[in-house]
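In what follows, a single structure is set out as structure tokens and then discussed.
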Amino acid sequence: MSAPTAPTEGRAPDAPPQGTKKSRPTRLPKTPLSAIQRRRSLTGWAFIVPAAFIIVLVNFWPMFEALLLSFQTGRGTQLSWADPLLLNYQRLFQDETFRLTLATTFIYLIIQVPIMLVLAMVLANLLNAPWLKYKGFWRTAIFLPCAVGLVSYSLVFRQMFATDGLANDLLINFGILDDPVNWLGQTGTARMVIILGLLWRWTGYNMIFFLAALQNIDRSTLEAARVDGANGFKTFWYVTMPQLKPIILLCAILSTNGTLQMFDESYNLTNGGPGNTTMTVSHYLYNVSFRNSPNFGYAAAISYAILIIVAVLAAIQMKVGDKRD
Amino acid sequence: MTRTTLRRIPAYVFLSVAVVLSVFPLYFMAVSATNTSNDVVASKLLPGGHLVENFQTLVSSQPLWSASYHSAVNAIATTVLALILCSIAGYAFEIYHSRAKDSVMAFLLLAIMIPFAATMIPLFRLFADLGMVNSTLAVILPLVATPFLILLFRQASRSFPHEIIEAARLDGLGEVSIFARIYLPTMKPTLAAAGVITFLFSWNNFLWPKVILVDNAYQTLPMLLSNMRAGYVTDYGSLMLAVLIVSVPTMVVFLALQRHFAEGVTGAIK
Amino acid sequence: MKKTRTLGALGAVLSLSLALAACSGGDDDAASGDGASGSGEGGDNTLTVWAWDPAFNIYALEEAEKVFQADNPDFKLEIVETPWDDVQTKLTTLAQSGETDQLPDIFLMQNNAFQKNVINYPDIFADFADSDVDFSEFPESVVAYSTYEDVNYGVPFDNGTAIGAYRTDILEQAGYTVDDFTDITWDEFLTIGKDVLAKTGKPMLTGQAGSADTIMMMLQSAGASLFDDEGKPTITDNEALLAAIDMYGQMVDAGIYVEVNSWDEYINTIVNSNTAAVVNGIWISGSIQSAPDQSGKWAVTNVPKLDGVDGATNYTANGGSSWAITPNGNEALASDFLNATFAGSTDFYDTILPKSGALANWLPAGESDVYNEPQEFYGGQAIYADVLKFAAEVPSNNTGAYYYEGRDAVSVAITNIMNGTDPAAALEEAQQTVEFAMG
């Protein structure tokens, strides 16, 4: 699981940004389709089918099987239909570990995603400043963590935050701390280390998207604001931000999705400890399937719970994103 | 003049801090590759003289060349296929736009929300039934068509002038030719962006190849890293060297394409 | 006309993409017919094995292959290096999807996971009923891991017998010798440990926080486990568990047991002389010996025992693994191979011990000269012969299908107890967690 597969798994973008539709030229004629149009439409479908077929085959078909599985109970291969059929879903509500891991995941989500997006936005704005020198260097350096192998990342983070590690040494030398902190041994600080890890790995990735959007902003609108006497911050807030909304929404949805499916950090940095308090839902899902006595019916139910939560949050974000129009 | 310069200092300081934090683990990785195992565990931050030794240990204990070859084949095949399949689909969703196609797109996007741990076993059964265990095709297929890439190309297509298409049609060009000869050459930045992202994920893909490649002869670099940590005694020096070697290609790909990468993302989010 | 051209072109794109895939997959398809995938197609004399650790298990396999080739020149092993986590993931995937023909002929399995897999996936195991393997030549406690309902499913290999390894130079500073730690109780260990800490500033032990290793070793030393004979969890009202947790807490509070956060840090405390002793499976010796400057400064003895607990002994184990065979048509050859090597060749064990430190579980191996050779690193002590003597004394430990659930729940309980939760309440919660997982 350390590098969960598809681009869809990490923080790859997701639903289409809203509000772009109005720019689309209307090509839907009200009159009946001519033969040429019908043929073109068919060509269009033919272009779509290969990719769509593969997506259905490798995503939806297995997920459909998982749905059937979620109505079954038993260990290993000894599965039978659950009675009642929703038994596994009922189990979710009594499962203390599921509740704990879900709460932990939401803590990561609520703290890490906003910090990351704000940080990425600040960095993107700095990199977009016309006076900045060596832009390529800054951009590359900040993006690079994304390309670093998970092994070195987890090893470095664990050692930096070891009780006799670099983080403690520095903080003590600067007089911020008196005694070394057992970062990974306490719930609060261990969660903080995971959040730092996520920030480290993904801020640069989001920054690239923001930077691209910033470079796309109509310069004349900024000039107009300046002529009207708006200061830097006001210009940013009232002129730049609204134009960035689609990309912010996109990144927010992606990051939400990525955080809810997060496995690597939980597994490699803390292995869920101390006392399961840094474990994510996806890590728990993995344990139920592959570490514990395998209960695939229940694991499938957990995966549907994740799916539903992601979908609901994405819907809420799109709705909120729309309202601010 | 001095006032503006002064105002810029915090920005440079902030960026410098961000860069130091970003690059530090990379530095540690590079330095560790030259140190002994015990020095790595003790977080030694200065370069040592054990690079050659670590390399010899690595090459003698793990099939570095064969794993590099398989990783490269998988990542390149995935990237090429993904670019073809997703660009043509994204193009079609926009250029031959219809309400039905919009619905299909929305439906496909749902795939992003599916946790992989839940689909792995049905997926394995599927490929096993097709007799595709140990095949490269089985490794790359789950990565070659992703809703995200299709979306990227669809959004990028929005800025493609339709008049050109109409003109080409009048000139008697077929629909595929229009796509391949007229549209694709203008999409270099988007292709670069999609290529970087796909290569990155394919190169680091671990769990699925591990499961579908039952035979060791096809093992990839991430599997090699995992093998190196499985023993009672881990040689962290050569492990870090291996991590460094594994990380270099993704960095090179990004560095080579980064100008286009940013443009490509820009094109997609207009 | 145009339509056909469009479709033709589209077909070309599709076949291009397939050709690309096929081209890159070409050599793979050809090679997968070699039988390397474990279906035994590669001829009757080739066995496929999944194992991890080139310096240890895989090295042993290669030597075993040579030994077996002496009588069977055509014999070949196809070793697939697979870390334990991945062995488990692959076995689960294959068993769950019913693709058991992709299994290897032999695989290595952690002893702790053996019963879980036999109970859940009986289809992936072949038993040793028709083989000549004499299981009485292995310690009973080790054979018990891979025995389910009186049927043997595994040939024990990697020895998990626990040792107490002590830094003689540090003990000397405090005025002790390793004899002061032989056949003692944990209470005595605590008392001496405080003295050593006061005099040298070094803790006696280190360990990973949130890992139940030390507790589980204490538990097994008294023949206790987290489950009763019927497999029901016995985390509450478990005298040995309470005593173990209490002792663990006392040692941590006294500062003679220092908790670190990761395996790397734990190894670091050993190689950097930040601990006076190590209590763990004999395999930890590989890590101990990775610090050449400590040569001659270590000695090995048995482990302390719990006070006032029925059945307490000075012997226990941590980890270890065994070979399993699969019902893939090559069972006879696979069991012959294991019987002639891992369960029957003194020469074989004599070869692998000096080079890899891979210690036999097979008791007759202990009589050979190689096992009785003094080890320079351990101040001339013949530690391997000693450890095999310990091995015979280790009490059995009931693992069952829910070992990992039990162990993880106890780990959580220990963490909570260390943070001030009442032990009884924490264990009650652990019991409920396991009962829920089993429900």
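Letters A, B, ... mirror the listed sequences (proteins, then strands); counts begin at 1.
For Gln186(A), no part sits under 4.5 Å from any heavy atom of chain C, backbone or side chain. No part of Ser411(C) comes within reach of chain A, as not one of its non-hydrogen atoms sits under 4.5 angstrom from that chain. Contacts of Ile414(C) with chain A are absent, with no heavy-atom separation under 4.5 Å from either backbone or side chain. For a residue to count as touching a neighbouring chain, one of its non-hydrogen atoms must lie under 4.5 Å from one of that chain's; by this rule Met438(C) touches chain A with the backbone only. Neither the backbone nor the side chain of Ala113(C) comes within less than 4.5 Å of any heavy atom in chain A. Proximity to chain A (any heavy atom under 4.5 Å) is restricted, for Asp408(C), to the side chain, taken from C-beta onward. With a threshold of 4.5 angstrom between heavy atoms, Gln96(C) approaches chain A through its backbone and through its side chain. Looking at Asp264(C), the atoms closer than 4.5 Å to chain A (heavy atoms on both sides) all sit in the side chain, from C-beta outward.
Each of Gly76(A), Gly74(A), Ala190(A) has some count of heavy-atom pairs under 4.5 Å with chain C, and the biggest count is that of Gly76(A). Interface remark: of the candidates Thr97(A), Asn182(A), Val288(A), Thr73(A), Asn182(A) forms the most heavy-atom pairs closer than 4.5 Å to chain C. Ranked by heavy-atom pairs under 4.5 Å with chain A, the first of Glu429(C), Lys116(C), Arg407(C), Glu405(C) is Glu405(C). Among the candidates Asn295(A), Asp95(A), Asn276(A), the residue making the largest number of heavy-atom pairs closer than 4.5 Å to chain C is Asp95(A). Between chain A and the options Ala409(C), Ala401(C), Gly210(C), heavy-atom pairs under 4.5 Å are most frequent for Ala401(C).
Between Asp85(C) and Arg291(A), none of the side-chain N atoms (NZ, or NE/NH1/NH2) sits under 4.0 Å from a carboxylate O, so this pair counts as no salt bridge.
Residue Ile36(A) places its CD1 atom among 12 or fewer non-hydrogen atoms of other residues, nucleotides or ligands, all under 6.0 Å distant. In Asp229(C), the CG atom is not crowded: 12 or fewer heavy atoms of neighbouring residues, nucleotides or ligands sit closer than 6.0 Å.
For Gln78(A), there are no side chain to side chain donor-acceptor pair (under 3.5 Å) partners at least two apart in sequence or on another chain.
Both cation-pi conditions hold for Arg91(A) and Phe436(C): the charged atom is under 6.0 angstrom from the six-membered ring centre and inside a 45 degree cone around its axis.
In this structure, OG1 in Thr187(A) is found 8.0 Å from CG in Asn416(C), a value given to the nearest 0.5 Å. Separating the CG atom in Asn271(A) from the OG atom in Ser211(C) is a distance of 10.0 Å, to the nearest 0.5 Å. Summarising the geometry, atom CG belonging to Asp123(C) is positioned 5.5 Å from atom OG1 belonging to Thr77(A); distances are rounded to the nearest 0.5 Å.
Inter-residue side-chain proximity for Leu91(C) and Phe290(A) is flagged as unmet; no heavy-atom pair is nearer than 4.5 Å.
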Please step through side-chain contact (heavy atoms from CB on, under 4.5 Å) for the pair Thr92(C) and Phe296(A), ending with a clear verdict. CA-CA 10 Å; Thr92(C) 307; Phe296(A) 278 96; 3.5 Å; yes
Worked verdict on Arg75(A) versus Tyr121(C) for side-chain hydrogen bond (donor to acceptor under 3.5 Å, both in side chains): CA-CA 9 Å; Arg75(A) 298 293 160 167; Tyr121(C) 302 122; over 6 Å; no
For Tyr403(C) and Asn292(A), run side-chain contact (heavy atoms from CB on, under 4.5 Å): C-alpha distance rounded to whole Å, both residues' side-chain angles, the deciding distance at 0.1 Å, then the answer. CA-CA 8 Å; Tyr403(C) 177 83; Asn292(A) 298 347; over 6 Å; no
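Defined by atom type and a distance below 3.5 Å, a donor-acceptor pair is present between the side-chain atoms of Ser293(A) and Asn120(C).
Among all heavy-atom pairs drawn from Pro274(A) and Thr415(C), the shortest one is CB-CG2, 3.6 Å.
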